[in-house]
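The structure appears right after this line, and notes come after that.
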Number of protein chains: 2
Amino acid sequence: MATGRTHRPATRSRGIPEATVARLPLYLRALTALSERSVPTVSSEELAAAAGVNSAKLRKDFSYLGSYGTRGVGYDVEYLVYQISRELGLTQDWPVVIVGIGNLGAALANYGGFASRGFRVAALIDADPAMAGKPVAGIAVQHTDELESIISDNGVSIGVIATPAGAAQQVCERLVAAGVTSILNFAPTVLSVPDGVDVRKVDLSIELQILAFHEQRKAGEEAAQDAAQAGATAPAPARASRVLPDAAATPATAATGPATGAATAPVASADARDNQGPDGDVPAVMPA
Amino acid sequence: MATGRTHRPATRSRGIPEATVARLPLYLRALTALSERSVPTVSSEELAAAAGVNSAKLRKDFSYLGSYGTRGVGYDVEYLVYQISRELGLTQDWPVVIVGIGNLGAALANYGGFASRGFRVAALIDADPAMAGKPVAGIAVQHTDELESIISDNGVSIGVIATPAGAAQQVCERLVAAGVTSILNFAPTVLSVPDGVDVRKVDLSIELQILAFHEQRKAGEEAAQDAAQAGATAPAPARASRVLPDAAATPATAATGPATGAATAPVASADARDNQGPDGDVPAVMPA
DNA sequence: TTGTGTGAATGCCTTCACAGCT
DNA sequence: AGCTGTGAAGGCATTCACACAA
């Protein structure tokens, strides 16, 4: 399920697996660091370690791009940096707009990782008239009314949504109507978009919940072990290191469905009544 | 599973696929929305649409938790909210600390999605003495010196790193030494951690690069089609192109540790020259 | 000898399709 | 009749292990 796959003439002669695409930025970062230290070549083993993956995977990934390495030697750092950049489309300029200049929007606007990767913040947009004109990260915030003209005047095809959940779907529709075809969504809502538009979602709450799941399990195992070997050894090493899946490899595509039905997500939910005595659950986390 | 299931939910969490765990928060959010609208039951089809996945996948996911639905009817919203919350460990309180109170750290501190899901910001920590005492999101920022005592006094097991790349590894080590076993990393660096510690990474730059990859491909297809049939205009985007991404250097450090092949976490990018400022110029997350 | 490139094997995830409960 | 729960099948992704190039 590639992102935004339509049932049209799907020319996929150049099929790089999604999982591989998601790791290319990772390799690129490691390679850039090596490049700055003037390291001429690097082996798959070294690069893999720097990127946090295993070497077999890295070699397989690179094999999809072509044979850019030299047997018995390794990969030429500079050359590889260029090839990956080109493959990712970073050799061209990508103007992006950020909609919703709250704490997060401001953080994104100030993020330095943009420029060096070919991304240029073309505009900051906010619905609050009071924000208009205010400079954030050296750029004057513009009002939502200007959204359409900004997009078309700058040829923007990538938009970042950092608005509250309630406004996300509407902003999304305006962006798409104006010509944006790729959206990075930070609002906790499932955006519904037409075919051909890619959506990627980032949600801190979700990441934390996944961590909590594993954390809870760790606590359970510990308890079980402690119980099993009551006071046996002190330095009880919970050898169960859990390797979490990367959060980056999630395509996230348009929600099928007709209308934009349930677009509103709760930012302040009423929480569940969690009094019910959960079976065998630890009541609290570590006593203070 | 032919395992006869009785009325008693026996927490068979032993083998919930990672992919499923990653989707549970998604279902939970959709269910919470339904709950607030007082919807009593929901079918896999409806819930799947609201969560942006397909129904077969959703049913399969739920089957790992147990049989919480009713054939011919659907799922009881309230009950499912509770079951998923419990499975994720959200029925307990998770104190978290946020290290690095720059734009991003502040955005995270202000995020409303925490409290409603069992997460409580126990403390905000920053290395800049000038920040100490300053209130952010109603909480006074504390200096890094207090890190260890804060962690142990509050029984914190989850830490969020929103510092510049250069400080991330060190902060990570202190957090781990103090007892933190789950880390959400926003700094564009591969963290090296001992076994038993989970790390999840969020990186805006990577997300944008993945979008750029697909966007580039779309442009290519479009061009092919446009060439085949000139005319039929639309908000034709005009993109300037800048050859080569280089130009500026990317000092950022890569605290790469061979590690035991454990620590799994996607990496990041973003240049971020080591401006020691408290201003975490890191990717971000969260709705404003 | 060293380290890439890659068929083959393995395992995980998704999708299908239908049996079975309400 | 409707919808869940789930074996079975099909796709991807990862890992293995080794032929082959330098």
Side-chain angles (χ1 to χ4, degrees), chain A residues 1-3 5 10 12 15-24 26-27 31 39-77 79-80 83 242-246 248-253 256, chain B residues 1-7 9 12 14-24 26-27 31 40-49 51-77 79-80 83 261-262 264 266:
Chain A
M1 66 176 344
T3 343
R5 167 64 47 77
R12 116 250 310 343
I16 297 179
E18 265 304 311
T20 294
V21 171
R23 281 187 295 267
L24 291 182
L26 220 128
Y27 302 141
L31 284 166
V39 176
T41 62
V42 64
S43 70
S44 64
E45 203 70 57
E46 298 167 323
L47 184 54
V53 302
N54 85 37
S55 64
K57 189 185 292 183
L58 178 146
R59 287 201 302 280
K60 180 65 103 180
D61 283 342
F62 285 179
S63 78
Y64 292 117
L65 308 183
S67 294
Y68 298 145
T70 304
R71 295 177 190 230
V73 179
Y75 300 92
D76 179 273
V77 174
Y79 188 52
L80 204 46
Q83 290 299 343
R242 220 165 291 295
V243 174
L244 301 184
D246 60 349
T250 309
T253 314
T256 31
Chain B
M1 295 260 180
T3 323
R5 174 153 234 25
T6 43
H7 338 329
R12 58 162 37 355
R14 249 323 157 185
I16 298 182
E18 267 306 311
T20 294
V21 172
R23 280 188 295 267
L24 292 183
L26 220 66
Y27 301 142
L31 285 166
T41 62
V42 64
S43 69
S44 63
E45 202 70 57
E46 298 167 323
L47 183 54
V53 303
N54 84 39
S55 64
K57 190 186 291 183
L58 178 144
R59 287 201 302 279
K60 178 64 99 181
D61 283 342
F62 285 178
S63 78
Y64 292 117
L65 307 183
S67 293
Y68 297 145
T70 303
R71 295 174 192 233
V73 178
Y75 300 92
D76 180 273
V77 174
Y79 187 53
L80 205 45
Q83 290 299 343
T264 298

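A, B, ... follow the sequence lines: proteins, then strands. Residue 1 opens every chain.
In this structure, A/Glu18 places its CD atom 15 Å from C1' of D/dG11, rounding to the nearest Å. Put simply, CG on B/Leu80 is 11 Å from P on D/dT4, counting in whole angstrom units. Atom C1' of nucleotide D/dT4 and atom CG of B/Asp76 are separated by 14 Å, given to the nearest angstrom. Counting to the nearest Å, the P atom of C/dT4 and the OH atom of A/Tyr79 are 16 Å from each other. Here C/dG3 presents its P atom at 14 Å from CG of A/Leu47, a figure rounded to the nearest Å. Whole-Å rounding puts the A/Asp61 CG to C/dT4 P distance at 14 Å. B/Tyr68 places its OH atom 12 Å from the P atom of D/dT6, with the value rounded to the nearest Å. Summarising the geometry, the separation between OH on A/Tyr64 and P on D/dC12 is reported as 11 Å, rounded to the nearest angstrom.
For B/Lys60, the side-chain atoms get nearest to D/dT6 when compared with the rest of D/dT6, D/dA13, C/dG3. Taking every side-chain heavy atom of A/Ser63 into account, C/dT6 is the closest of D/dT6, D/dT14, C/dT6. Here D/dA13 is the nucleotide among C/dG7, D/dA13, C/dC13 with the atom lying nearest to any side-chain atom of A/Pro17. Distances were taken from every side-chain heavy atom of B/Ser67 (C-beta onward) to each of D/dT14, D/dT15, D/dG5; the shortest belongs to D/dG5.
Closest heavy-atom contact between A/Leu26 and A/Val53: CD2-CG1, 4.4 Å. Of all heavy-atom pairs between A/Ser44 and A/Ser55, the closest is O-CB, 3.8 Å. Residues B/Val21 and B/Ile16 approach most closely at CG2-CG2, 3.6 Å, considering heavy atoms.
Taking only side-chain nitrogens and oxygens, A/Lys57 never comes nearer than 4.0 Å to OP1 or OP2 of D/dA13. OP1 or OP2 of C/dT4 has at least one side-chain nitrogen or oxygen of A/Ser44 nearer than 4.0 Å. Residue B/Asn54 places at least one side-chain N or O closer than 4.0 Å to OP1 or OP2 of C/dT15.
No side-chain heavy atom of A/Thr70 sits under 4.5 Å from any side-chain heavy atom of A/Asp76.
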| How does protein reach along nucleotides 17-22 of chain D, written 5' to 3' as B (base within reach of a heavy atom under 4.0 Å), S (only sugar-phosphate), or - (no contact)? | B-BBBS
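Between its opening and closing five pairs, the helix from C/dT1-D/dA22 to C/dT22-D/dA1 changes axis direction by 0°, a value rounded to 10 degrees.
Atom OG1 in B/Thr41 sits 11.5 Å away from atom CG in B/Leu80 (nearest 0.5 Å).
Take A/Pro40 and apply the side-chain contact (heavy atoms from CB on, under 4.5 Å) test, not counting sequence neighbours, and it matches no residue. Looking at residues two or more places apart in sequence or on another chain, you find a side chain to side chain donor-acceptor pair (under 3.5 Å) between B/Thr20 and B/Asp61. Listed by chain and residue number, A/Glu45, A/Glu46 satisfy the side-chain contact (heavy atoms from CB on, under 4.5 Å) test with A/Ser43 (two or more places apart in sequence, or in another chain). Evaluation of the ring-ring contact (aromatic ring centres under 6.0 Å, His included) rule for B/Tyr75 yields B/Phe62 as partners, not counting sequence neighbours.
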| message | Using the rule given for side chain to side chain contact (heavy atoms under 4.5 Å, CB included), can you reason through A/Gln83 versus A/Leu65, listing the C-alpha separation, both sets of side-chain angles and the distance that settles it, and then say yes or no? | response | CA-CA 8 Å; A/Gln83 290 299 343; A/Leu65 308 183; 5.6 Å; no
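Heavy atoms of B/Tyr75 sit under 4.0 angstrom from primed sugar atoms or phosphate atoms, though from no base atom.
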